[in-house]
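Chain naming here is simple, since letters A, B, ... match the order of the sequence lines and numbering starts at 1 in each.
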2 protein chains.
Amino acid sequence: MLSDTDLPALTDLACRLADAAGAASLPHFRSRNLEAGNKRSGDGFDPVTVADRAAEAAIRAILAAERPDDGVLGEEQAPTAGSSGLTWVIDPIDGTRAFISGLPTWGTLIALDDGERGRIGIVDQPHIGERFVGVKAGAETRAWLSHRGERRAITTRPCPGLAAATLFTTTPDIFTPREWEGYRAVERQVRLARYGIDCYAYALVAAGHVDLVVEASLKAYDIAAPAALVQAAGGIVTDWQGGDCRWGGQALAAGDPAVHAEALAILGDYAD
Amino acid sequence: MLSDTDLPALTDLACRLADAAGAASLPHFRSRNLEAGNKRSGDGFDPVTVADRAAEAAIRAILAAERPDDGVLGEEQAPTAGSSGLTWVIDPIDGTRAFISGLPTWGTLIALDDGERGRIGIVDQPHIGERFVGVKAGAETRAWLSHRGERRAITTRPCPGLAAATLFTTTPDIFTPREWEGYRAVERQVRLARYGIDCYAYALVAAGHVDLVVEASLKAYDIAAPAALVQAAGGIVTDWQGGDCRWGGQALAAGDPAVHAEALAILGDYAD
């Protein structure tokens with residue numbers, strides 16, 4: 001199990017994993033030679049790039065050397081079982097479509113899960129030079145943003161309710177028709193709604209600039225790190241029924257409990 | 001009129017205008033004290049911030065001192081008539097919604113129009129530290145990206161047609177129902193479509209990472225600089241009938257003539 005005294009060293013390690021992933025992926029960002037493969041055999045377009053694979057390999061090489069007893073759950077390779085009770089949940093490039101479009105809203109996601117909850121969550125954007133980090137200890141929960149060497153504490157912001165809220169989601173395509181109805185029912189209540197920025201939306205909730213993210217069709221590696229980050233910054237992240245969402249599916253992340261409660265009251269009718 | 005020999009000094013001035021706008025707006029970006037006003041009296045949400053107004057005032061102060069005979073057309077103040085035949089077309093913060101959400105895909109837009117066409121177009125993103133610049137001279141057209149002191153030439157990329165294209169637009173809200181049909185008819189043909197990034201999408205076309213932007217309901221200050229930038233980088237920017245779009249309305253920006261022609265063949269049926 002994980003004791004709070006281990007967290008600083010593990011957080012340092014998590015940051016080194018993000019460094020290694022960025023060093024592997026960034027040379028491919030905006031490269032004219034980047035080839036987007038296609039993981040799906042059907043008509044969908046699911047780009048997988050050499051950058052994704054290189055970044056996950058870089059992360060796994062460090063974990064294999066330094067944390068051989070921990071499990072690893074990543075997007076690009078088969079899961080690695082562990083014996084320590086700790087699992088690293090990683091997405092080397094969340095937002096591959098943004099990545100291959102030259103748009104710096106993709107991120108490297110790194111979470112450490114202790115079997116009961118996420119304890120560390122990182123969203124890293126190396127082109128902008130931003131790293132959002134959240135750590136949940138028993139006694140102390142904190143989050144910060146490092147931007148090109150400058151570090152400041154971040155927290156979610158208060159928001160009185162949906163009517164005052166800013167809402168983000170990635171794209172209408174992530175929802176089933178029924179889920180889309182639920183999303184739209186929330187969207188109609190908010191002040192401002194925008195599409196398009198993948199994991200970066202959760203980072204903006206954690207930093208107190210956005211109030212709400214509503215998504216679906218998530219995998220564990222999409223949501224583990226963003227959820228731990230937002231929670232460490234003071235927010236609430238659940239599925240559409242108020243339960244644990246860290247293994248994927250539908251997600252509802254809010255900076256303020258009032259916003260979360262209002263959205264949950266709507267989305268509950270559309271939950272899996 | 002504008003001679004090509006004047007362009008280097010005017011380009012330097014345009015860059016200083018972007019510097020001044022960034023210096024005025026950036027301190028407000030992600031400020032917890034930012035107040036978003038509401039320009040509309042109805043139910044829409046059209047945020048105007050102190051940052052917009054301060055950035056336009058900073059630009060206009062320089063132009064009043066150094067180019068008193070040029071016209072100025074900006075988002076926040078009434079147009080200033082000029083006698084030189086040159087007009088600066090500026091949007092201090094394009095993407096105010098992104099700005100107030102902490103998302104660094106807004107930009108400062110600066111164009112210089114000679115009465116017949118845009119000659120300089122700048123999209124500047126000061127948080128990331130990126131400045132996309134396009135200059136159209138009679139003899140020489142060129143574009144470049146400066147990113148935190150590093151400068152490299154940019155060009156649009158070749159793309160054989162819509163089936164291979166990446167398409168961006170800001171949000172479904174910018175289209176009338178009829179225009180939305182036209183947009184969707186194009187979207188169905190492309191490989192990858194995404195929402196959400198305002199002027200930054202045109203910058204990515206200019207830099208060769210995105211193939212197509214389709215928008216509507218634009219004002220002159222929304223499109224003048226992006227259009228000049230994309231054209232200077234080798235792309236084609238027109239309205240949905242193939243005509244001049246630099247004063248606003250519907251816009252179709254493509255990096256490759258083949259993509260532009262295919263999209264135009266579809267959108268022509270939905271043109272104003």
Side-chain angles (χ1 to χ4, degrees), chain A residues 29-32 34 36 38 43-47 95-105 125 127-130 132 145 147-148 152 154-155 157-158 163-173 187 190-198 200-201 203-212, chain B residues 29-32 34 36 38 43-47 95-105 125 127-130 132 145 147-148 152 154-155 157-158 163-173 187 190-198 200-201 203-212:
Chain A
F29 183 57
R30 299 188 177 175
S31 160
R32 285 290 175 102
L34 187 70
N38 196 329
D43 57 354
F45 176 68
D46 189 357
T96 313
R97 289 170 177 75
F99 188 95
I100 64 169
S101 305
L103 180 64
T105 56
Q125 207 323 294
H127 179 77
I128 302 178
E130 289 177 329
F132 300 82
L145 165 60
H147 182 206
R148 297 193 178 278
R152 66 179 175 85
I154 56 174
T155 63
R157 70 179 174 191
T166 296
L167 164 67
F168 272 81
T169 197
T170 295
T171 167
D173 300 341
E187 189 185 53
V190 303
R191 186 173 74 148
L192 174 59
R194 292 306 287 272
Y195 299 111
I197 60 166
D198 301 289
Y200 204 83
L204 293 178
V205 172
H209 307 298
V210 167
D211 303 294
L212 188 62
Chain B
F29 183 57
R30 298 186 178 176
S31 160
R32 285 289 175 101
L34 187 70
N38 196 327
D43 57 355
F45 177 67
D46 189 358
T96 313
R97 288 169 178 77
F99 187 95
I100 63 169
S101 305
L103 180 64
T105 56
Q125 206 326 291
H127 179 77
I128 302 179
E130 289 177 328
F132 300 82
L145 165 60
H147 182 206
R148 296 192 179 279
R152 65 180 175 86
I154 56 174
T155 63
R157 70 180 174 190
T166 296
L167 163 67
F168 271 80
T169 198
T170 295
T171 168
D173 300 339
E187 189 186 52
V190 303
R191 186 172 75 149
L192 175 58
R194 292 305 286 273
Y195 299 111
I197 59 166
D198 302 288
Y200 204 84
L204 293 177
V205 171
H209 308 298
V210 167
D211 303 294
L212 188 62

Checklist outcome for this item: Ranked by heavy-atom pairs below 4.5 Å to chain A, first place among L204(B), T171(B), I128(B), D173(B) goes to L204(B)

Item to check | chain B contact via S101(A) - side chain, backbone, both or neither, heavy atoms under 4.5 Å | outcome: both

Checklist entry - Below 4.0 angstrom, N of the basic side chain to O of the carboxylate: do D198(B) and R194(A) qualify? => result yes

Item to check | Distance, nearest 0.5 Å, that separates NE2 of H209(B) from CZ of F29(A) | outcome: 7.0 Å

Checklist entry - How close do G102(A) and Y200(B) get, heavy atom to heavy atom, and via which atoms? => result O-CE2, 4.5 Å

Checklist entry - Is it the backbone or the side chain of A193(B) that comes under 4.5 Å from a heavy atom of chain A, or both, or neither? => result neither

Checklist outcome for this item: Under 4.5 Å to a heavy atom of chain B? For T105(A) that would be side chain

Checklist entry - Can you say whether A207(B) sits under 4.5 Å from chain A via the side chain, the backbone, both, or neither, judging by heavy atoms? => result backbone

Checklist entry - Under a 4.5 Å cut-off applied to non-hydrogen side-chain atoms, are R30(B) and H147(A) in contact? => result no

Checklist entry - Can L103(B) and V210(A) be said to form a side-chain contact (heavy atoms from CB on, under 4.5 Å), step by step? => result CA-CA 9 Å; L103(B) 180 64; V210(A) 167; over 6 Å; no

Checklist entry - Of the backbone (N, CA, C, O) and the side chain (C-beta and beyond), which part of L145(A) lies under 4.5 Å from a heavy atom of chain B, both, or neither? => result side chain

Checklist outcome for this item: Cut-off 4.5 Å, heavy atoms of chain A, and the answer for R157(B) is both

Item to check | Distance (rounded to the nearest 0.5 Å) between I197(A) CD1 and I197(B) CD1 | outcome: 11.0 Å

Checklist entry - What part of E130(A) is in contact with chain B, defined as an atom under 4.5 angstrom from a non-hydrogen atom: side chain, backbone, both or neither? => result side chain

Item to check | Atom pair CG (L192(A)) and OG1 (T96(B)), whose distance is rounded to the nearest 0.5 Å | outcome: 10.5 Å

Checklist entry - Is it the side chain or the backbone of A201(A) that comes within 4.5 Å of chain B heavy atoms, both, or neither? => result neither

